[in-house]
Amino acid sequence: MFSDNKRNKKTNAGSSSQNIIAQGTNITGDLSSEGDLRVDGTVEGNIQTPGKVVVGKSGVIKGTLNGTDAYFEGKFSGKLTLSGTLTLKSSAYIEGEVVIGKLEVEPGATFSVTCKMKGALKDINQGEREKSTKKTAQTA
């Protein structure tokens, strides 16, 4: 009459996996994850995840990072591509090439990069189209 399947589905549906690379751990190579990732150690290579990446104060990433959102207290060197928000705390040190949707920077963070913001470009293009539509309507 009562099934355990319903209970299992509810608990599994709400859970999200988080992978942790602890302080003192060094990884060389490519990482791919379906869940969130926290780096307190060192990663040299390529990281791919649709989840959030958190880099603690002792965390270091050298290589490429492709994801949705990232929160940095540690260091990054390489190419960073995010569809969402890059958040830099005051202890963050970022260098290289960055392509992001949004940027949040605390005073004191080091941000020495070439940066492209995808979200802003979309808004500007939409605003230009609206202006040209209004001009066309006014001249008619």
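Along the sequence shown, residues are numbered consecutively beginning with 1.
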With rounding to the nearest 0.5 angstrom, report the [atom1] to [atom2] distance, [X] to [Y].
{"X": "T110", "Y": "L88", "atom1": "OG1", "atom2": "CG", "result": "9.5 Å"}
{"X": "T49", "Y": "E34", "atom1": "OG1", "atom2": "CD", "result": "7.0 Å"}
{"X": "Q48", "Y": "L37", "atom1": "CD", "atom2": "CG", "result": "11.5 Å"}
{"X": "E97", "Y": "T81", "atom1": "CD", "atom2": "OG1", "result": "7.0 Å"}

Who are the side-chain hydrogen bond (donor to acceptor under 3.5 Å, both in side chains) partners of T85, not counting sequence neighbours?
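Per chain and number, T85 pairs via side-chain hydrogen bond (donor to acceptor under 3.5 Å, both in side chains) with no residue.
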Looking at residues at least two apart in the chain, or sitting in another chain, which of them share a side-chain hydrogen bond (donor to acceptor under 3.5 Å, both in side chains) with N46?
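By the side-chain hydrogen bond (donor to acceptor under 3.5 Å, both in side chains) rule, N46 matches D30, T64.
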Which donor-acceptor pairs under 3.5 Å do side chains of residues 72-80 form with protein atoms, sequence neighbours excluded?
unit_1 : atom_1 : unit_2 : atom_2 : d
S77    : OG     : E95    : OE2    : 3.1

Let me have the donor-acceptor pairs involving side chains of residues 51-63, under 3.5 Å, with sequence neighbours excluded, atom names and distances please.
unit_1 : atom_1 : unit_2 : atom_2 : d
S58    : OG     : D40    : O      : 2.7

Is it true that [X] and [Y] fall in one hydrophobic cluster, defined by side-chain heavy atoms closer than 4.5 Å?
{"X": "L31", "Y": "V39", "answer": "yes"}
{"X": "Y93", "Y": "L103", "answer": "no"}
{"X": "V113", "Y": "M117", "answer": "yes"}
{"X": "V105", "Y": "L86", "answer": "yes"}
{"X": "L82", "Y": "F111", "answer": "yes"}

With salt bridge (Lys or Arg N to Asp or Glu O under 4.0 Å) as the rule and sequence neighbours excluded, what pairs involving residues 104-115 come up?
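For residues 104-115, and leaving out neighbouring residues, the salt bridge (Lys or Arg N to Asp or Glu O under 4.0 Å) pairs sorted by first residue read K89-E106.
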With clusters built from Ile, Leu, Val, Met, Phe, Trp and Tyr whose side-chain heavy atoms come within less than 4.5 Å, directly or transitively, what are the remaining members of the cluster of I20, listed by chain and number?
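Cluster partners of I20: none, it stands alone.
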With sequence neighbours excluded, what pairs up with T25 under the side-chain contact (heavy atoms from CB on, under 4.5 Å) test?
I21, A22, I27
Which heavy atom of S90 sits nearest to which heavy atom of P107, and what is that distance?
CB-O, 3.2 Å
Filter on ring-ring contact (aromatic ring centres under 6.0 Å, His included), then keep only pairs touching residues 19-44, sequence neighbours left out; what's left?
none
